[in-house]
Amino acid sequence: MDTVVFHSACSAVHGYARRAHKSSLVNREVPTRCACGRLRYGRPTSRLDKQHSGEPAARSAHAATLGCRLVLTTAHAMTANATGGPTIVWFKHDLRLDDHPGLQEAVTAGTSLVPVFCFDPSQLGHLLRASHGLEGLLGAVKALKQGLQQLGSDLVILWGPPEQQLPMLVDQLQASSLILEEEIEYRWHKAVDKVQAALPDHVTVQPWRMHIFSQLPYPDNYKQFKQRRGSQLQPVEAPQHLPALPSGLDAGQVPSLAELEAAVAAVSSGRQAAEVAALMQDLPVTQSWLSQISRQLAEGEPAVQSALHQYLQCADSPNSAANQDLLTAVLSSEVPATPLGSFPAIFNQALALGTLSRRRVYHEAQLQRRKKKEGKKWQGGLQKQKKIAVDVPHQSASNTVEVSDFHWHLASSDRVRDTKTGDAARHWRWRGFITDYHTAEAVLQDNPMAGNPTEAMLTSNHSSGANGSGSSHPDAQPSSSAAEGQLPQSSAPAFLLVHGFGAFGEQWRGQIKALTAAGYQVYAPTFPGYGRSEKQALAYSQELWRDFLRDFVLEVVGRPVVIAGNSIGGFISASLAADYPSLVKGLVLLNSAGKVDKSYTPRTEDPSQPAKVPPKLLVDAASQGLFLFLRTSVARTLTRLYPVAPGNADEWLGQEILRAAADPGALGVFRSVFYLPKPRPLNYLIQELYGGPTLVLQGAKDPLSNAVARAKELEAACRNVRVQMLDAGHCPHDEVPHLVNDGLLNFMQTTVCKDKTQSVDVPELASTSA
């Protein structure tokens, strides 16, 4: 089938590879891809030790306390059918019957099939603070279970780590295959990898992926993608009938919201540092005009499908009572700063849970577009109410899922791309949107340089002269890895490296490996809207990027950080430190954006007064002009920003910036600059709100400002700031990385961790995602 990627033909090859891997001493986690294209990521765990999995009665008793039973006891073990055993369809974030290629494949195969969903509290912490997050998950699972029951089947409910529960179910059913959606998010990819390693070798694992267009693979460049993407693929209709579950199999019950909340909260707090766990409990759940819509969509696939059709047709019948909540949502989100932003604002959670497929959305939106082209009359309700074009709903829906589809495939190919850090890019969904981050595998303690920051820094950096002149960026080699708890500095904060405007996490190529080699955890995320991260129509602002960093620390890092930011990334870093000081043990600014104003006093904005925004036509014209200028002058601009070591502004850096500039939505991110709220002064953030240790590593030859004067001004305004001038331009971390690494490590060791009171008490499993 052209809409599904399956890999059953080489299951024997992967079984052999799994056995060979288990017998080896290689522990480093690196991605590999076989000839069929199937991606292997990470270190397979050992086969499930059934001696320690608990007796069946004990498992059933434990599950009963959570409102569901795991699987049959051994007395009711299933027997294989004539075709060699049933097929298990593992639902994860594809909680629907409509347009489900994996379910269709299982039905087409003609074997007995067993739909399964596994509640793993360790994977659900991000839903605690989302509006109706866990409620939406439960609603989606309940709706899926009811839908399967209506078709003659049922959804088997499991509880606990899938690498334990699924192999037990496979053994008891004597299942022959497992069908699941291919993963791109690192934490889920690791979970799938553990499941594969724990399965018997005879079980065929069949990942599937969905795409809107026929031509595969998608190229990394969006312009090329538009030219080559082929024809639009049609969504697959839901099956009309399904075979019953094997006789005697107890499908179990969906847990209650209270039970799920308690379990997720307990697991999340147990895996995080005390400061992070405390903040997770204190943060309020996001509430907005979307709250009512979120509650409606939390009822699962039928409600979401109904809402989609109402949304696409709301311009035709604006006075319908059923459309009023949707109209409010559309009118509130379709503003000059976020044109075509209504669909991602309303349906983002549904797309993340998979109660709605991207291909179905695109199909329905194109139907609406064709209706308009055929000359059908549109009532223009939205236009009458707020002068919003009546084709906004189908345009917003089409754009959203096309951007999501492109970035899903970009992230999939990104995992095997050669990077400048030597380790594969990882991906994390923030509020449902794909973002990437870079980290490095930890150096083993028997490495003589581990814990020796100077030696580790010198050997892990790309080579440079005394002043950084003539340095280059050869690909770093992946290092041997160890568990995070075995790092020499495992009790210290992690380094969080934040890029500037137009850049991305991988630009910290000179720091990631070097700081890791010194014994620290290091993370370099890419903001939404930049680099290879998704670029949806969002209200990009200082607050949005600050919240992204906050959630990254909470969900991925799992411990407080020393945060270092360049350019606008410096200002966002200072904002995180100011607003969430418990997460930041030290702040480092590298040629940071932000003004210094000693006379500043906080003002309370009058909510009755509308914010002043520039005229849309002026913003659009200025955005397109400046965007075009920057795209055509990238190489020249980079050379100017790297005055000491222009060779470090290499072809790779320029090509990555140009590639990102061609992404759908890139212009919208640039346009958002004109709508940014008035920023708070940098000195106010650093001294009055944060108050913690702050280091300024300032490139003295920055062509964008009087860098020396700015650094002195900030030091004079903040008693907690120490300035170190560097012979560099605007991006010292990439121009003279050896000097920046020296400054970062010295700051960590002599200021942040100078006594035990600054260390971080981190549980053994500090981070669930990293």
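The chain is numbered in sequence order, starting from 1.
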Checking [Y] against [X]: is there a side-chain donor and acceptor pair closer than 3.5 Å?
X	Y	answer
Arg209	Ser412	yes
His309	Gln368	no
Tyr311	Ser342	yes
Thr338	Glu334	no
Asp220	Ser413	yes
Glu534	Thr435	no

Going by the angle between their ring planes, with limits at 30° and 60°, are Tyr218 and Phe225 parallel, tilted or perpendicular?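 Tyr218 and Phe225: tilted rings.
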
Could you check whether Arg532 pairs with Glu506 (Lys NZ or Arg NE/NH1/NH2 to Asp/Glu carboxylate O, under 4.0 Å)?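 The answer is no: the pair does not qualify as a salt bridge.
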
Between Asp405 and Arg358, is there a side-chain N and carboxylate O pair less than 4.0 Å apart?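 Judged by the 4.0 Å cut-off on N to carboxylate O distance, Asp405 and Arg358 do form a salt bridge.
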
Holding to side-chain hydrogen bond (donor to acceptor under 3.5 Å, both in side chains), I want the full list of residues that pass it with [X], two or more places apart in sequence or in another chain.
X	value
Glu135	none
Asp620	Lys616, Arg671
His363	Gln234

Step through it carefully: locate the ring centre of [X], locate the ring centre of [Y], and say whether they are under 6.0 Å apart.
X	Y	answer
Phe501	Tyr530	yes
Tyr523	Trp508	no
Phe406	Phe213	no
His211	Trp408	no

Gap between atom CD of Gln227 and atom CZ of Arg229 - 0.5 Å precision: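 Interatomic distance, Arg229 CZ to Gln227 CD, rounded to 0.5 Å: 11.0 Å.
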
Could you walk me through whether Leu356 and Val361 pass the side-chain contact (heavy atoms from CB on, under 4.5 Å) check? CA-CA 7 Å; Leu356 196 59; Val361 172; 3.5 Å; yes

Would you kindly check if the NZ (Lys) or CZ (Arg) of Lys190 is within the cone defined by 45 degrees around the ring axis of Trp188 and under 6.0 Å from the six-membered ring centre? no

The test is ring pair (Phe, Tyr, Trp, His ring centres under 6.0 Å); show your working for His100 and Phe91 and say whether it passes. CA-CA 10 Å; His100 195 292; Phe91 288 85; 4.8 Å; yes

Might you point out which heavy atoms bring Phe627 and Ala666 nearest each other, and give the distance in Å? CZ-CB, 4.0 Å

Before giving the answer on side-chain contact (heavy atoms from CB on, under 4.5 Å), spell out for Ser404 and Gln536 the whole-Å C-alpha distance, their side-chain angles and the decisive distance to 0.1 Å. CA-CA 8 Å; Ser404 178; Gln536 290 289 358; 4.0 Å; yes

Does the side-chain contact (heavy atoms from CB on, under 4.5 Å) test come out yes or no for Val557 and Tyr437, once each step is laid out? CA-CA 11 Å; Val557 181; Tyr437 65 98; over 6 Å; no

Using side chain to side chain donor-acceptor pair (under 3.5 Å) as the criterion, point out the one residue from Gln123, Glu183, Glu185 that pairs with His93.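 Testing each of Gln123, Glu183, Glu185 against His93, the sole residue satisfying side chain to side chain donor-acceptor pair (under 3.5 Å) is Glu183.
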
